Enquirer: 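Okay, here's the structure, questions in a sec.
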Amino acid sequence: MKSYACCRRSAFAALCFVLAVAGILGLLSGCSHPPVSAMLDEAFALVYPDLSARLVREFPVLTSAAKTAAKVTSPYLSYPVQPGKIESLAQSIAQSWPSGSSSSSAHIFVASPAVAHAFPVKLLDEGSTCVSLFLRAEPALPEIAQLAESSSRRTLAIMWDSEWAYRQIGLIAGYRIGIERKNGNTEANAAILFSSGLGRSEADLDAFVEAFRTAMETAGARDSDNGQALLPFNIDHMNLPGDKLEQALSALAQIKDKKPSLLVIAAGSRTVLEKAQEMKDIELAADLRGLGQGIPTRHLFAAIGENNGAIIAAIRNAAQLIEKKDVMPPIIYVKPALQFSKEAARIDAILKRTAGQ
């Protein structure tokens with residue numbers, strides 16, 4: 001009898017648990033969730049393959065909408081983008097979404113820069129929002145520009161906080177070289193090969209240089225060392241012949257002749273990084289964002305990487321704020337991921353203690 005009673009109590013407890021879970025799920029299903037769809041082009045997907053795959057999985061285009069707009073064989077729009085196809089697909093998405101899924105008729109579109117640039121004005125005017133990734137939308141049509149500047153924030157951007165990331169790398173690199181020079185190695189120096197690109201601007205290079213010099217002082221290096229310890233190679237202003245890749249490889253050859261102790265690769269090119277990894281007796285740091293998959297990072301001194309989880313979280317948070325009609329900033333900044341070697345992590349800890357963090 002005792003065992004039978006125990007079984008009955010266990011069964012009753014299990015039933016209560018199931019009912020409680022069912023109740024919670026019922027409540028959640030009745031909640032208002034803002035409709036979000038990712039519209040990315042194939043060129044963006046080549047640069048950010050992992051993020052793109054996750055975005056179309058997390059924020060899918062409804063199959064019914066895709067079939068209505070056109071026969072789709074890929075989750076990504078063809079590049080160069082065609083404004084007519086973007087408009088057709090966007091309108092189909094907005095019309096196909098279940099009417100009871102949100103408290104408002106507006107739709108949120110997560111767009112690659114090329115798609116955001118050609119996003120249809122009509123949908124923005126009807127209350128939809130275009131969230132541009134890594135580049136503030138600079139629409140070709142003046143109507144979109146006016147909407148972007150309005151209080152409704154119908155266009156906004158999610159951007160990497162690259163200045164923060166380059167500042168951290170600059171501090172670590174500057175301290176590393178500063179200690180070497182303080183200890184008598186007057187030949188120790190660093191170089192940075194830089195080119196502006198998607199998610200990377202000259203303001204990031206400026207942040208790196210300023211942080212490098214600050215950390216040199218923190219390390220106790222002489223003032224006279226500060227101007228000699230860093231060699232910036234900004235290929236955007238070097239007037240080198242050829243395309244971007246040829247210019248970067250030419251600048252890399254110049255850097256190789258200088259024989260720096262530490263080199264930072266921030267050129268947006270996997271080929272350039274692989275060529276730099278062939279150099280002997282040098283420590284490497286690199287910006288790995290947009291360089292694709294399978295990059296060997298074990299021997300890097302430090303690296304700036306993608307932070308896809310934070311991007312997804314920022315999109316979800318923005319969607320909730322838009323749904324609630326809260327005030328939205330025109331740009332939402334997301335910190336990239338930082339990867340440190342043991343030595344770089346040790347220096348980072350020293351700098352944080354010195355700064356009182």
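Keep in mind it's a predicted model, so treat the numbers as computed, not measured. Hydrogens, waters and symmetry mates play no part in the numbers below; they use all other heavy atoms, side chains included.
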Enquirer: Can a side-chain donor-acceptor contact be found between Q293 and D50 if the only test is distance below 3.5 angstrom?
Expert: yes
Enquirer: Within the distance-only criterion (no hydrogens, no angle test), does the side chain of S196 pair as donor or acceptor with the backbone N or O of S201 below 3.5 angstrom?
Expert: no
Enquirer: Is it the case that the side chain of S269 and the backbone of L245 share a donor-acceptor pair, with hydrogens and angles ignored and the cut-off at 3.5 Å?
Expert: no
Enquirer: For a side chain to side chain contact (heavy atoms under 4.5 Å, CB included) check, start with the C-alpha distance between Y166 and L205, then their side-chain angles and the critical distance, and finish with the verdict.
Expert: CA-CA 7 Å; Y166 275 90; L205 177 59; over 6 Å; no
Enquirer: Tracing side-chain links under 4.5 Å among I, L, V, M, F, W and Y, which residues wind up in one group with I331?
Expert: M159, Y333
Enquirer: Between Y48 and N308, do the side chains contain an N or O donor and an N or O acceptor separated by less than 3.5 Å?
Expert: no
Enquirer: State whether the side chain of E42 and the backbone N or O of Y79 hold a donor-acceptor pair below 3.5 Å, judged by distance alone.
Expert: yes
Enquirer: Would you find a donor on one side and an acceptor on the other, under 3.5 Å apart, between the side chain of D204 and the backbone of E163?
Expert: yes
Enquirer: Under 3.5 Å, which donor-acceptor pairs do the side chains of residues 212-220 form with other protein atoms, sequence neighbours left out?
Expert:
unit_1 : atom_1 : unit_2 : atom_2 : d
T214   : OG1    : E210   : O      : 3.0
T218   : OG1    : T214   : O      : 3.1

Enquirer: To the nearest 0.5 Å, tell me how far R270 CZ sits from L288 CG.
Expert: 9.5 Å
Enquirer: Kindly determine whether H299 and L284 satisfy side chain to side chain contact (heavy atoms under 4.5 Å, CB included), including the steps that lead there.
Expert: CA-CA 8 Å; H299 299 299; L284 277 179; over 6 Å; no
Enquirer: Could you tell me whether R316 and E58 have a side-chain N and a carboxylate O separated by less than 4.0 Å?
Expert: yes
Enquirer: With distance as the sole test, does T297 use its side chain to make a donor-acceptor pair with the main-chain N or O of L300 at under 3.5 Å?
Expert: no
Enquirer: Should E343 and R176 count as an ion pair when the cut-off is N to O under 4.0 Å?
Expert: yes
